[in-house]
Every structure is written in C-alpha cells, then in structure tokens.
Amino acid sequence: MSVEPVLDRIDSTLSDSLDRLKAFLRIPSISTDPAFSTDCELAADWLVSDLRSMGIEAEKRPTPGHPMVVGHIDGPGPHLLFYGHYDVQPVDPLDLWDNDPFDPQVEDTPKGQVLRGRGAADDKGQLMTFVEACRAWIAEHGSLPCKITFFFEGEEESGSPSLVPFLRENADELKADVALICDTGLFDSRVPAITTMLRGMLQEEITITGPSRDLHSGMYGGAAINPIRVLSRIIAKLHDDTGRITIPAFYDGVPDIPEDILNQWDALEFDHSTFLGDVGLSELAGEAGRSALEMLWSRPTCEVNGIGGGYQGEGFKTVLPSKASAKISFRLVGQQDPLAIRENFRQMVTELVPDDCDVAFKGHGASQASVMSIDNPAFEKARVALTEEWPDEAAFIGSGGSIPVAGYFQTMLGTESMLIGFGKDDDQIHSPNEKYDVESFHKGTRSWARILAALSSN
Ligand code: BES
Ligand code: ZN
C-alpha cells in the first residue's frame with residue numbers, strides 16, 4: 001500500500017479536516033470544572049462517532065470521572081496504541097481572549113494561517129492529526145497498514161485521576177508493540193522531533209490560617225500575625241540565592257546528564273535569547289551555570305503557580321487576612337521520588353509555620369519522570385519518516401512538560417511510547433488565545449501517514 005495517494009488525499013481534503021476539528025473544538029470540554037462535565041461527555045461522544053464513521057469499533061468507557069474512549073481496528077503491521085486527550089484547560093482570564101475560545105476560527109497572521117481556540121494545540125488539534133491520517137489511509141486503501149488501538153482520555157488536564165485504575169483493569173486490551181502520543185511539540189518550526197524525556201510532576205496546595213477572621217489592619221496590624229507574610233517567607237525559603245531548591249534530600253535521584261547527550265543538545269543550537277525574547281524576557285532565571293536546555297529538560301524545578309489571600313478586589317481594603325494559600329508544583333527528573341519529596345516538603349513547611357498559625361496541605365498529582373528507551377527500531381523508522389516530511393532532519397529531544405501516561409504505559413503495560421507532536425512554542429497552550437498552526441495540522445497529519453507506512457515496513 002503506497003503512502004503517496006494518502007498524502008495527496010490529505011492535501012485535497014484539508015478543509016474538511018479543519019471543519020471537523022472546528023466542530024470538536026466547539027465543545028467546551030474543560031475537565032477540571034464540574035460545570036463542564038456534560039461537555040466532556042459530549043466530546044467523548046463526538047470522538048466515538050467520528051471513529052465509527054471510519055469503520056473503527058469504538059466506545060465510550062465510563063470511569064468515576066470523565067469517560068475514556070477506546071477504539072480498535074485490525075491491520076497487518078505492528079500493533080500501535082494511539083493516545084491523546086480530549087479535555088482542555090479552563091479559559092480564564094476570559095477578557096484576555098480576542099475571540100470566543102470555543103468559536104474557533106482560521107486567522108491569517110504574518111507567520112501563516114492559524115486555527116485559534118482553546119484546545120487547538122493541546123490536545124484536540126494534535127489528536128486529530130492522527131485520526132485524519134487514519135481516515136485518509138482508510139479512504140484510499142480501504143484499510144490501515146497497522147493494527148491500531150485508539151485511547152483517548154478526558155482528565156489529562158486535571159491530573160488523570162482515573163487513568164491508573166483504568167490501565168490496571170484494561171491492560172490486556174491496551175497493551176501494544178509501541179504507543180504513539182501526540183501531545184508534544186516540534187523542536188522549532190522547521191525541526192520535527194521525537195521527545196524521549198519527560199519531567200515528572202508533584203503538585204501541592206498549602207493553606208496557612210492565622211487569626212480566626214479577617215482583621216482591621218489598624219486595630220490589629222503589628223500585634224497580630226499575618227498569614228500572607230508567613231506564606232511569603234516560606235515561599236522565599238524554597239530556593240537559595242543560586243536558584244537551588246532547599247528542601248532536604250530534594251536532589252536525591254537527579255542524574256548528571258552524560259557528556260554525549262549534553263553535546264547532542266549543544267548541537268541543536270537552541271537560541272535562548274529568542275525563546276525568552278518571544279515572551280518579553282532576556283535573561284535565564286534558573287540555576288547558575290546551566291544551559292537553557294539543561295534547565296528545561298534535565299533539571300527539577302519548584303514553581304508557585306498561584307497565590308491567594310486578603311483583599312484582591314477593586315480599590316483597597318485594610319485587612320489582615322485570616323488565610324493565605326499557594327499552589328506549588330515541582331517538575332521532577334531522573335529517579336526523584338514524588339512521594340518522598342511531598343513528605344520532605346510538608347515537613348519543611350510545617351517547621352517554618354509559627355505556633356500561632358496552622359497549615360493544611362492538599363496533594364494533587366504526583367508522577368515520576370520518564371525516559372524512553374529508543375532501542376526499539378520504531379524510533380529510527382519514525383525519525384526517517386518525519387525527516388521526509390519536514391525541511392530539517394528530525395531530532396530526539398527532551399521536554400520540560402509532563403505527560404504522566406507515558407510512564408504508566410511503560411510500567412503498567414510494558415509498552416514504550418514515541419512522543420511525536422507538532423506544537424510550537426508560541427501556541428499559547430494553557431493561556432489565552434491558544435492556537436495551532438494550520439501548517440502543524442496539515443504536515444502533522446501527513447507525518448502520521450508517513451509514520452504508519454514506515455512502521456509497517458520491514
Ligand atoms: N501537552 C502538555 C504537556 C507538554 C507541554 C508537552 C509542552 C510538551 C510541551 C500536557 O497537556 C500538559 O499540560 N500536561 C501537564 C501535566 C500535569 C497537569 C500533570 C503539565 O505539563 O503541566
Ligand atoms: Zn496536552
């Protein structure tokens with residue numbers, strides 16, 4: 001079965017493919033907010049009927065949270081497990097969007113056409129690159145060159161609470177020769193990439209409570225303790241002046257990156273001035289003496305993602321708040337153990353809280369970093385296929401983001417993942433005005449068509 005007519009069909013049906021993606025993007029499947037539960041169901045239903053329209057046996061599988069979608073289609077080649085997520089991030093602050101986040105439109109920009117809307121790049125547009133490639137194969141040849149299991153999750157953006165139990169219960173059905181995950185990016189707009197290292201993640205929420213109610217800051221200020229000051233002091237102590245994280249034993253399990261890998265990263269000639277310049281910055285703010293790619297791909301972090309307490313409305317209100325809280329997340333690498341770090345973090349914070357205050361912790365996600373073993377010949381076949389589609393040779397890269405499912409596929413199914421995606425740094429994922437380049441969608445779909453052909457060859 002030749003790939004050329006499949007590629008031609010992808011080109012000639014691009015506008016139908018974009019229309020389908022727009023319909024999918026109109027469903028506001030925000031997983032973290034219960035107000036959108038029905039929309040998550042609708043997005044899962046949409047996927048089931050889209051897969052069925054291609055002759056794929058697909059169904060919605062309930063979980064205690066949002067449903068999974070599982071589909072199967074037989075084929076001659078290796079058995080592939082394709083994963084994507086149909087849920088999206090919340091849209092706030094809504095006033096920073098130029099258009100309705102759930103009314104996607106194609107826009108002309110100086111850098112080319114983009115499709116703008118929540119989920120365009122993370123992950124509905126990426127997920128559909130694979131589905132559209134399969135559609136074109138089936139339309140052209142009546143079948144696929146590989147056996148494929150589709151597996152779509154609706155809770156990725158809210159910590160995947162149902163994922164591990166679902167994998168445990170359905171391991172035999174989902175096991176495959178290799179998993180394909182389309183939720184990462186290009187290295188830059190010309191260089192396609194297979195991501196082989198992902199950072200892990202630990203999420204902790206802390207709330208400090210001081211006085212039993214908000215107090216007048218003139219009547220009590222100076223005499224009563226202020227939980228915002230307590231919290232700020234704790235946050236300030238989490239890093240030293242060189243940017244190192246001060247939690248006891250935090251760096252246990254952080255490996256030194258071998259010289260040859262560091263050389264490979266240097267050869268990518270990553271320009272951190274442009275990377276930072278694009279977001280209005282100029283200086284690296286991580287650990288002293290490390291390159292930008294080392295900071296992003298191979299070093300752990302501790303970041304405050306949100307902070308609250310006291311009066312935040314219009315004007316001024318002179319209060320000492322009763323409570324202050326922060327959401328703190330850690331990106332983890334190597335063998336760092338998220339549960340040990342959680343314990344040490346909580347102990348350190350507890351010791352810093354004065355007697356007159358209480359601290360409460362709420363743990364969210366906890367997942368280890370993962371490194372893919374690229375010995376499987378599928379990696380080289382996919383790299384060659386990507387290189388045929390894009391102007392520059394494909395690279396093996398790391399990623400600063402976290403995709404815990406890749407680690408679970410390894411440990412629970414024994415299936416290695418190839419992380420291939422077509423996102424760009426300026427896609428504004430998780431931010432207002434998210435977009436996906438039409439070129440990413442089009443060449444991404446063509447890339448998958450080529451990868452399916454390559455994986456099915458001997
Ligand atoms: N698609 C992203 C992960 C990603 C971002 C990969 C950028 C490569 C480049 C994914 O949907 C995501 O945002 N994951 C969360 C996971 C977390 C909630 C456990 C993340 O990385 O913050
Ligand atoms: Zn994603």
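Each ligand, and each atom within it, is numbered from 1 in the order the structure gives. For reference, positions follow the sequence shown, starting with 1.
Counting only heavy atoms of the protein, atom 6 (C) of ligand 1 lies nearest to D183 O, 3.4 Å. Ranking the protein heavy atoms by distance from atom 22 (O) of ligand 1 puts R331 NH2, 2.8 Å first. Here the heavy atom of the protein found nearest to atom 8 (C) of ligand 1 is S399 OG, 3.3 Å. Nearest protein heavy-atom contact of atom 19 (C) of ligand 1 is M201 CG, 3.8 Å. Among all protein heavy atoms, the one lying closest to atom 5 (C) of ligand 1 is I429 CD1, 3.8 Å. When hydrogens are left out, the protein atom nearest atom 11 (O) of ligand 1 is E156 OE1, 2.9 Å; that is the closest non-hydrogen contact.
Around atom CG of D260, more than 12 heavy atoms belonging to other residues, nucleotides or ligands sit under 6.0 Å away. With a 6.0 Å radius and a threshold of 12 heavy atoms from other residues, nucleotides or ligands, E380 has its CD atom above the threshold. Around the CD atom of E173, the shell of radius 6.0 Å holds more than 12 heavy atoms that belong to other residues, nucleotides or ligands.
Relative to atom 18 (C) of ligand 1, the option among Q89, Q203, E155, H85 with the closest non-hydrogen atom is Q203.
Counting heavy atoms under 4.0 Å from ligand 1, residue L198 does not touch it at all. If you look at R199 next to ligand 1, there are no close heavy atoms at all, none under 4.0 Å.
Here the two rings, on F166 and F151, have centers that are under 6.0 Å apart. Aromatic ring centres of F130 and F82: separated by under 6.0 Å. Not less than 6.0 angstrom separates the ring centroid of F422 from the ring centroid of Y436.
Counting heavy atoms from C-beta on, the side chains of M372 and Q410 come closer than 4.5 Å.
Checked against a 3.5 angstrom limit, the closest N/O atoms of D122 and ligand 1 fall inside it. Checking only distances, T184 never comes within under 3.5 Å of ligand 1, N or O to N or O. Residue S402 has at least one N or O atom closer than 3.5 Å to an N or O atom of ligand 1.
Residue H85 approaches the Zn ion (ligand 2) most closely through its N/O/S atom NE2.
Between R346 and E204 there is a salt bridge, with a side-chain nitrogen of the basic residue lying less than 4.0 Å from a carboxylate oxygen of the acidic one. Between D188 and R190 no salt bridge is recorded (no basic side-chain N to carboxylate O distance below 4.0 Å).
Geometrically, R118 does not engage F102 in a cation-pi contact defined by less than 6.0 Å to the ring centre and at most 45° from the axis.
Between the OD1 atom of D183 and the OD1 atom of D122, the angle centred on the Zn ion (ligand 2) amounts to 100° when rounded to 10°.
None of the N, O or S atoms belonging to E157 lies under 2.8 Å away from the Zn ion (ligand 2).
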